[in-house]
S.K.: 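Below: one structure in structure tokens.
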Amino acid sequence: MRLLHIVMIVLLVVVVVGCGSPSPGPTGRPLTIVKVGIMTIPDSATLFVARNRKYFEAEGLRIATEIVQGGGVALPKLKSGALDFSIMNYVAAIQSEVSEPGEIKLVTDAYQAVPEAFMLMVPGASPIRSVADLRGKRILVLTLNSVSTLSLESRLRVHGLTKKDVLIAEKPVQDMIDALNSGTYDAAWMTEPFISAYAKAGGRKLDDMMQAETNALPIAGWATSGDYAERQPETVRAFQRAMLRAQTDVGRDRSLVTAVLPTYTRIDPATAATITIGTFPLNLALSRVQRVSDLMQTYDYIPAPGPNIQDMLLPQPALPATTSAATLPPPPSAAPTQQGPTP
């Protein structure tokens with residue numbers, strides 16, 4: 001009996017230790033766990049830079065990540081409280097503001113397009129040589145009613161087509177290559193590293209999705225729910241500060257992104273060093289997000305005059321003193337005007 005009593009005491013100690021509170025942060029208090037939705041593409045890179053550099057820990061936070069396919073998946077999770085923050089493409093966020101004002105708040109900027117970071121891809125042997133050849137063809141995008149379809153519609157119009165002239169369907173980007181190779185679909189809207197992977201496997205770049213009116217288009221930010229922002233303002237500000245530190249670091253040293261990509265994506269280090277990666281802006285500016293809203297009105301994603309974008313943007317903490325203006329993206333006026341159809 002005495003031996004059994006000792007064993008039970010040992011087991012009790014093990015259970016208590018195993019179920020203890022999270023390890024303390026720099027202040028000695030337990031870290032606050034925040035649940036964050038990420039995508040396994042470059043857009044989410046600075047979150048992992050911030051985590052690796054212990055910027056969240058310095059703010060008293062611990063990050064628990066969950067993979068989401070896109071804004072359509074992340075939105076209900078934010079609103080239900082299943083996620084506290086998530087990567088969110090601006091198209092989905094703005095659509096949410098139109099249907100449910102105040103439900104979603106943008107916390108910080110995340111990712112902006114650069115040339116060849118988002119491409120329309122076709123099989124190498126495809127007879128399709130131009131966007132104009134896509135009439136009646138089947139095109140894959142990551143999610144419907146998103147930045148992928150918006151930029152695709154813009155490029156279709158340049159070549160004299162509309163979305164009614166093609167069949168657009170959604171599929172996870174990791175499944176697109178098989179769908180193209182099987183002949184089930186004719187073209188696919190891809191981001192890195194899938195652009196480079198498919199090009200190496202024999203795929204061909206058909207068109208850059210981010211040019212003319214979509215040049216340097218703001219792609220995504222980090223979002224939370226309006227309810228969470230109201231209930232947890234200090235946690236939101238802590239998250240903002242950690243992310244801005246990481247965005248600042250990446251602006252000075254892009255190798256931080258290529259180093260972190262293999263840790264949360266299927267991108268190997270060699271590929272990470274060569275793929276085209278967008279920029280990670282610091283300024284969650286009204287004019288930049290408004291540009292997306294204006295483009296959405298052009299293509300009837302939302303009715304004019306659109307929502308009040310300022311209501312969606314949470315105040316930003318002061319940028320680190322070392323931040324250089326060179327790390328900021330160009331103003332919206334830098335984007336060229338719409339071009340006419342190509343011959």
Side-chain angles (χ1 to χ4, degrees), residues 34-52 55-56 61 63-97 103-114 117-118 141-151 170 172-174 189-194 217-226 228-229 235-236 239-240 242-247 250 256-257 260-261 263-267 277-284 288-289 292 312-314 316 329:
V34 291
K35 300 162 289 185
V36 184
I38 60 128
M39 297 182 70
T40 54
I41 53 179
D43 306 40
S44 302
T46 47
L47 180 109
F48 293 91
V49 172
R51 187 169 73 175
N52 291 350
Y55 293 160
F56 291 117
L61 305 180
I63 302 300
T65 60
E66 176 182 330
I67 296 173
V68 294
Q69 184 175 326
V73 174
L75 279 168
K77 288 179 175 288
L78 287 173
K79 294 173 183 178
S80 70
L83 291 174
D84 301 318
F85 300 93
S86 183
I87 193 75
M88 177 68 57
N89 77 76
Y90 288 129
V91 172
I94 292 168
Q95 286 177 321
S96 174
E97 182 66 12
E103 287 291 310
I104 293 297
K105 299 294 183 182
L106 295 173
V107 178
T108 65
D109 210 329
Y111 200 62
Q112 176 177 293
V114 297
F118 301 90
V141 296
L142 186 59
T143 53
L144 297 174
N145 298 314
S146 68
V147 67
S148 54
T149 53
L150 183 62
S151 57
E170 65 179 25
V173 69
Q174 61 268 23
W189 187 101
M190 291 187 185
T191 184
E192 292 286 17
F194 302 96
L217 189 71
I219 301 298
W222 294 96
T224 189
S225 69
Y228 190 86
T235 302
V236 170
F239 184 88
Q240 287 176 310
M243 290 302 299
L244 283 172
R245 289 181 70 183
Q247 302 270 110
V250 166
L256 293 172
V257 175
V260 80
L261 284 175
T263 67
Y264 74 96
T265 72
R266 296 179 182 178
I267 308 174
I277 300 172
T279 60
F280 300 87
L282 291 168
N283 55 338
L284 183 62
R288 299 182 64 252
V289 184
V292 181
M312 301 175 62
L313 311 182
L314 292 181
Q316 300 290 287

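Treat the numbers as computed from the prediction; the structure is a model and nothing was measured.
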S.K.: So, for Glu170 and Leu142, which heavy atoms are closest and what is the spacing to 0.1 Å?
M.R.: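 It is CB-O, 3.7 Å.
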S.K.: Could you pull out the closest heavy-atom pair between Ser146 and Ser148, with the gap in Å?
M.R.: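 Result for this residue pair: OG-OG, 2.6 Å.
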S.K.: Grab the two heavy atoms, one from Trp189 and one from Ser151, that are nearest each other, plus how far apart they are.
M.R.: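 So the minimum-distance heavy-atom pair works out to NE1-OG, 2.9 Å.
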S.K.: Find out whether Leu75 and Gln95 are in side-chain contact, i.e. whether some heavy atom of one side chain is under 4.5 Å from a heavy atom of the other.
M.R.: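 No, side chains not in contact.
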S.K.: Under 3.5 Å, is there a donor-acceptor pair linking the side chains of Gln247 and Thr46?
M.R.: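 Thr46 and Gln247 do have a side-chain donor-acceptor pair below 3.5 Å.
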S.K.: CZ/Arg245 to CD/Gln240 distance, rounded to the nearest 0.5 angstrom?
M.R.: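 Separation between the atoms: 14.5 Å.
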S.K.: Tell me the closest heavy-atom pair linking Ala92 and Met88, and the distance in Å.
M.R.: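 That would be CB-SD, 3.9 Å.
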S.K.: Just how far is it from atom CH2 of Trp222 to atom CD1 of Ile87, taken to the nearest 0.5 Å?
M.R.: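 Output value for this atom pair is 4.0 Å.
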S.K.: Do the ring planes of Phe239 and Phe85 sit parallel (below 30°), tilted (30 to 60°) or perpendicular (above 60°)?
M.R.: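 Parallel, since the angle between the ring planes stays under 30°.
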S.K.: Is the shortest side-chain heavy-atom distance between Tyr228 and Val236 below 4.5 Å?
M.R.: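 The answer is yes; the side chains approach within 4.5 Å.
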S.K.: Under a 3.5 Å distance rule, please check whether Thr149 uses its side chain to pair with a backbone N or O of Leu144 as donor and acceptor.
M.R.: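 No, because the side chain of Thr149 does not come within donor-acceptor range (under 3.5 Å) of the backbone of Leu144.
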S.K.: Considering only heavy atoms from C-beta outward, does the side chain of Met243 approach that of Asp109 to under 4.5 Å?
M.R.: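 When only atoms from C-beta onward are counted, Asp109 and Met243 do not touch, as no gap falls below 4.5 Å.
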S.K.: Parallel under 30°, tilted from 30 to 60°, perpendicular over 60°: which one fits the rings of Tyr264 and Phe48?
M.R.: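 Rings of Tyr264 and Phe48: parallel, under 30°.
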S.K.: I want to check something: taking the side chain as every heavy atom from C-beta on, are Leu61 and Thr235 in contact at a cut-off of under 4.5 Å?
M.R.: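 Sidechains of Thr235 and Leu61: in contact.
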S.K.: Glu192 versus Ile277: any side-chain heavy-atom pair under 4.5 Å?
M.R.: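 Contact flag for Glu192/Ile277 side chains = no.
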S.K.: Please step through side-chain contact (heavy atoms from CB on, under 4.5 Å) for the pair Ser86 and Val68, ending with a clear verdict.
M.R.: CA-CA 8 Å; Ser86 183; Val68 294; 4.0 Å; yes
S.K.: Could you walk me through whether Gln316 and Asn283 satisfy the side-chain contact (heavy atoms from CB on, under 4.5 Å) test, starting with their C-alpha distance in whole Å, then the side-chain angles of each, then the deciding distance to 0.1 Å, before giving a yes or no?
M.R.: CA-CA 8 Å; Gln316 300 290 287; Asn283 55 338; over 6 Å; no
S.K.: Using every non-hydrogen atom in the two residues, find where Val34 and Asp84 come nearest and quote the distance to one decimal.
M.R.: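 In terms of heavy atoms, the two residues are closest at CA-OD2, 3.3 Å.
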S.K.: Looking only at the side chains, is there a donor atom on one of Gln112 and Arg288 sitting less than 3.5 Å from an acceptor on the other?
M.R.: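 Yes, a side-chain donor-acceptor pair sits under 3.5 Å.
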S.K.: How far apart are the C-alpha atoms of Ile94 and Met312, what are their side-chain angles, what is the distance that settles it, and do they pass the side-chain contact (heavy atoms from CB on, under 4.5 Å) test?
M.R.: CA-CA 8 Å; Ile94 292 168; Met312 301 175 62; 4.2 Å; yes
S.K.: Can you name the nearest heavy-atom pair linking Leu261 to Pro42, along with the distance?
M.R.: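 In terms of heavy atoms, the two residues are closest at CD2-CA, 3.8 Å.
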S.K.: Within a strict 4.5 Å, meaning less than it, do heavy atoms of the Arg51 and Thr65 side chains meet?
M.R.: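 Yes. Closest side-chain heavy atoms under 4.5 Å.
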S.K.: Quick one: are Ile219 and Tyr90 in side-chain contact, heavy atoms under 4.5 Å?
M.R.: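 Side-chain contact under 4.5 Å: no.
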S.K.: Got a donor-acceptor contact below 3.5 angstrom from the Thr265 side chain to the Ile41 backbone?
M.R.: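 Flag not set: sc Thr265 to bb Ile41 has no pair under 3.5 Å.
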S.K.: Is there a side-chain contact (heavy atoms from CB on, under 4.5 Å) between Val257 and Phe280? Walk through the geometry before answering.
M.R.: CA-CA 10 Å; Val257 175; Phe280 300 87; 3.7 Å; yes
S.K.: Under the side-chain contact (heavy atoms from CB on, under 4.5 Å) test against Leu284, which residue among Leu244, Leu314, Val107, Leu313 passes?
M.R.: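 That would be Leu313.
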S.K.: Does Thr279 reach the main-chain N or O of Pro281 with its side chain, forming a donor-acceptor pair under 3.5 Å?
M.R.: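 Side chain of Thr279 to backbone of Pro281, a donor-acceptor pair under 3.5 Å: no, none is there.
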S.K.: If you define the side chain from C-beta out and look only at heavy atoms, does anything of Val289 sit under 4.5 Å from Pro218?
M.R.: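 No, too far: nothing below the 4.5 Å cut-off.
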S.K.: Give a yes or no answer on whether the side chain of Lys79 reaches the backbone of Ile104 with a donor-acceptor pair at less than 3.5 Å.
M.R.: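 No, because the side chain of Lys79 does not come within donor-acceptor range (under 3.5 Å) of the backbone of Ile104.
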S.K.: Given 3.5 Å as the limit, does a donor-acceptor pair link the side chain of Thr224 with the main chain of Lys105, or not?
M.R.: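 Answer holds: no.
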